[in-house]
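Inspection log for the structure reproduced underneath, given as structure tokens.
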Amino acid sequence: MDVTKASADLPGLAVDIVHRQSPDGDFEETSINLRATPSFEAFGQFVQVADPFTLWAQAVRLMWMPWLLTTQTMMLPYRPTRTLPSVGRAQQQAPMANDRG
């Protein structure tokens with residue numbers, strides 16, 4: 001049998017994908033194996049204890065927050081930037097203390 005295998009190790013999850021093909025080409029078989037640490041049972045208990053609506057609300061908030069902040073910034077009134085007068089021009093226009101006429 002011709003076997004191709006791919007593996008990935010993610011934090012808390014190991015994934016193995018195996019593809020087999022018969023020599024005659026009569027059939028193909030693909031299997032995906034997931035190995036979770038902690039176990040799926042522990043994850044299920046965590047979900048039962050946690051409020052699913054709160055988890056959903058947090059996920060939606062995190063997804064929409066950049067868009068809401070951008071919209072809020074765009075709604076601020078337009079204020080052109082103010083520039084300070086240059087130092088050279090300010091000294092030329094200001095009367096000197098010793099020049100009293």
Side-chain angles (χ1 to χ4, degrees):
M1 293 191 95
D2 185 25
V3 177
T4 303
K5 183 177 179 181
S7 299
D9 289 321
L10 304 170
L13 183 67
V15 181
D16 291 323
I17 301 172
V18 180
H19 178 258
R20 295 183 179 109
Q21 187 169 8
S22 69
D24 301 332
D26 294 339
F27 66 91
E28 290 185 38
E29 178 181 75
T30 301
S31 64
I32 300 172
N33 300 313
L34 303 173
R35 190 173 35 259
T37 308
S39 68
F40 289 112
E41 182 180 346
F43 179 73
Q45 291 172 356
F46 168 74
V47 171
Q48 284 179 349
V49 171
D51 180 17
F53 180 75
T54 303
L55 293 173
W56 176 82
Q58 287 285 357
V60 169
R61 195 187 100 204
L62 289 173
M63 181 180 68
W64 281 100
M65 188 58 65
W67 295 104
L68 294 174
L69 291 174
T70 301
T71 304
Q72 183 180 16
T73 303
M74 291 175 66
M75 297 302 289
L76 291 174
Y78 174 71
R79 293 184 184 159
T81 57
R82 297 181 182 173
T83 58
L84 296 174
S86 65
V87 176
R89 191 170 34 158
Q91 287 179 352
Q92 291 173 357
Q93 293 175 354
M96 299 293 279
N98 295 336
D99 294 340
R100 292 192 179 187

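A quick note: this is a predicted structure, and the numbers were derived from the prediction, not measured.
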Under the rule for side-chain contact (heavy atoms from CB on, under 4.5 Å), what residues qualify as partners of Asp26, not counting sequence neighbours? Ser22, Asp24
Quick one: side-chain hydrogen bond (donor to acceptor under 3.5 Å, both in side chains) partners of Glu28, sequence neighbours excluded? His19
With Ser7 via side-chain hydrogen bond (donor to acceptor under 3.5 Å, both in side chains) - residues at least two apart: Asp16
Donor-acceptor pairs under 3.5 Å, side chain of residues 57-77 to any protein atom, not counting sequence neighbours: which ones?
from  : atom 1 : to    : atom 2 : distance (Å)
Gln58 : OE1    : Arg61 : NH1    : 3.3
Thr70 : OG1    : Pro66 : O      : 2.8
Thr71 : OG1    : Trp67 : O      : 2.9
Thr73 : OG1    : Leu69 : O      : 2.9

Which value, rounded to the nearest 0.5 Å, describes the distance between Leu34 atom CG and Leu13 atom CG? 5.5 Å
Quick one: closest heavy-atom pair of Ala14 and Asp9, and the distance? CB-OD1, 3.6 Å
